[in-house]
Amino acid sequence: MNMKNMNYKRAAGLAVVTALFLTGCSEKESKIAFTAMDTYMELTAYGDADETLQEAKERILELEGLLSVTNPESEIYAINHAGGADISVSAYTYELLDFAYTMAARTDGALDPTIYPVVDAWGFITGEYRVSGEQALSALLERVDYTAVQLLDKAVRLPDEMELDLGAVAKGYAADAVAEIYADAGIASGLVYLGGNIQAVGSKPDGSPWRIGIQEPDGEGYVGVVSVRNAAVVTSGGYERYFTDEDGNRYWHILDPSTGKPADSGLLSVTIVTESGAYADALSTAIFVMGPDRAEAFWKEYRDFEMVLLTTDRRVLVTEGLSAAFTLENEDYPLRWID
Ligand code: AMP
Ligand code: MG
């Protein structure tokens, strides 16, 4: 993979990223911050970019309006409440759903956009968290099967009892849209921060690469830093959203579609570095479900992305394409290269 032409995005902690990218710029900095898709977002661009940032924000809000699972006006809501009827959708919704379907197939269902009933049962939609038992989960899993989604001509058909959740890919898709808006406006340098998703546009204004921190789960600092130009850097981690029961057991928001439970595959976090934000986002979630061994085999098969895995036994596994881009910041995490 040619590092110079990569278009990375990522997800480390907000403070982390902010600390890293506010350095040495002579060009005018334009910035806009807002909350969308349940996420604090910050768009930065160098040059005269206020109008472009406004356009980018509007696009993100438009996508949120189409893809939200809770907004009764959204297209995803309409599909989920259609009772099995065909629903006509916009080109954006169709494209993202088609992409999610392809990625579900490629990851053998580790990513499954029909996981919504299980995500909802755990309380991750409403914030009213509760532990689901085996019986309830196996009943819910009968409603989870991406192969039942029918993509028709500009329309979608979903069996009555099933529901979609594109939360695992929506922010990556939105970040790609923002990067495209930047490119159309001729912006050569910027950073798109959408929570766990980062899109580095060009280089820093001084020409050096963007430095994106990979957060230490439950820690203050970061385990490592990736230096990138034109790349998506996306992290999925169990530490990003979770709740704890009275016995201190932790339940996080990335679920294994084969069990309905929080994916417990031996990983604390997965960071994907590649050109497309949507691809990175789909992979970060799917690989978190797969675990380190399946992840390694998957990478060896495709080799069109790079990854940094933090394992539950606190090791760092990094693919060789990042050999020039990754630096370890915390020696407590032994590093192994995957090649
Ligand atoms: P991410 O932060 O990109 O890893 O996406 C996590 C979000 O995607 C969760 O909050 C759920 O809404 C949804 N989700 C959880 N598990 C899965 C899964 N296995 N496949 C697809 N979406 C999922
Ligand atoms: Mg994701």
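Numbering of ligands and ligand atoms starts at 1, following listing order.
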Checklist entry - Hey, is Arg241 touching ligand 1 through its side chain, its backbone, both or neither, going by heavy atoms under 4.0 Å? => result side chain
Next on the checklist: Are there over 12 heavy-atom neighbours, none belonging to Lys300, within less than 6.0 Å of that residue's NZ?
Outcome noted: yes
Next on the checklist: Starting from atom 22 (N) of ligand 1, what is the nearest protein heavy atom, named by residue and atom, and what distance separates them?
Outcome noted: Ala168 CB, 3.4 Å
Item to check | Residue portion contacting ligand 1 (non-hydrogen atoms closer than 4.0 Å) for Leu111 | outcome: both
Checklist entry - Does the ring center of Tyr101 lie less than 6.0 Å from the ring center of Tyr146? => result yes
Checklist entry - If we ignore angles and hydrogens, is there a donor and acceptor under 3.5 Å between the side chains of Glu75 and Tyr77? => result no
Checklist outcome for this item: Ranked by distance from atom 1 (P) of ligand 1, the top protein heavy atom is Thr285 OG1, 3.2 Å
Checklist entry - Which protein non-hydrogen atom lies closest to atom 16 (N) of ligand 1, naming both residue and atom, and how far is it? => result Leu255 N, 3.0 Å
Next on the checklist: Taking atom CG as the centre, does Asn71 end up with more than 12 heavy-atom neighbours from other residues, nucleotides or ligands that are less than 6.0 angstrom away?
Outcome noted: yes
Checklist entry - In terms of residue, atom name and distance, what is the protein heavy atom nearest to atom 12 (O) of ligand 1? => result Asp165 OD2, 2.6 Å
Item to check | Mode of Ala110 contact toward ligand 1 - side chain, backbone, both, neither (heavy atoms, under 4.0 Å) | outcome: backbone
Next on the checklist: Looking at Asp120, I want to see if its CG is surrounded by more than 12 non-hydrogen atoms of other residues, nucleotides or ligands under 6.0 Å.
Outcome noted: yes
Checklist entry - Which residue owns the protein heavy atom closest to atom 15 (C) of ligand 1, what's the atom, and how far is it? => result His253 O, 3.2 Å
Next on the checklist: Below the 3.5 angstrom mark, is there an N/O of Asp112, backbone or side chain, next to an N/O of ligand 1?
Outcome noted: yes
Item to check | Structural part of Ile254 in contact with ligand 1, heavy atom criterion under 4.0 angstrom | outcome: both
Checklist entry - What do you reckon, are the aromatic ring centroids of Tyr242 and Tyr129 less than 6.0 Å apart? => result no
Next on the checklist: Tell me if the centroids of the rings in Trp122 and Tyr251 come within less than 6.0 Å of each other.
Outcome noted: yes
Item to check | Shortest protein contact, atom 14 (N) of ligand 1 (heavy atom only) | outcome: Ile115 CG2, 4.0 Å
Checklist entry - Is the Lys NZ or Arg CZ of Arg303 less than 6.0 Å from the centre of Trp299's six-membered ring, within 45° of the axis? => result yes
Checklist entry - What do the steps show when you test Ser227 against Arg211 for side-chain contact (heavy atoms from CB on, under 4.5 Å), and what is the final call? => result CA-CA 4 Å; Ser227 298; Arg211 288 165 46 77; 3.7 Å; yes
Item to check | Atoms of ligand 1 close to Ser236 [distance to a heavy atom under 4.0 angstrom, numbered from 1] | outcome: 1 (P), 3 (O), 4 (O)
Checklist entry - Taking only heavy atoms of Gly167, which atoms of ligand 1 are found under 4.0 Å from at least one of them? => result 5 (O), 8 (O)
Next on the checklist: Any N/O/S atom from Asn197 (main chain or side chain) under 2.8 Å of the Mg ion (ligand 2)?
Outcome noted: no
Checklist outcome for this item: Here the atoms of ligand 1 under 4.0 Å from any heavy atom belonging to Pro257 are 19 (N)
Checklist entry - Phe34 ring centre to Lys57 NZ or CZ under 6.0 Å, with the angle to the axis within 45°? => result yes
Item to check | N/O/S atom of Ala168 inside 2.8 Å of the Mg ion (ligand 2), strictly under | outcome: yes
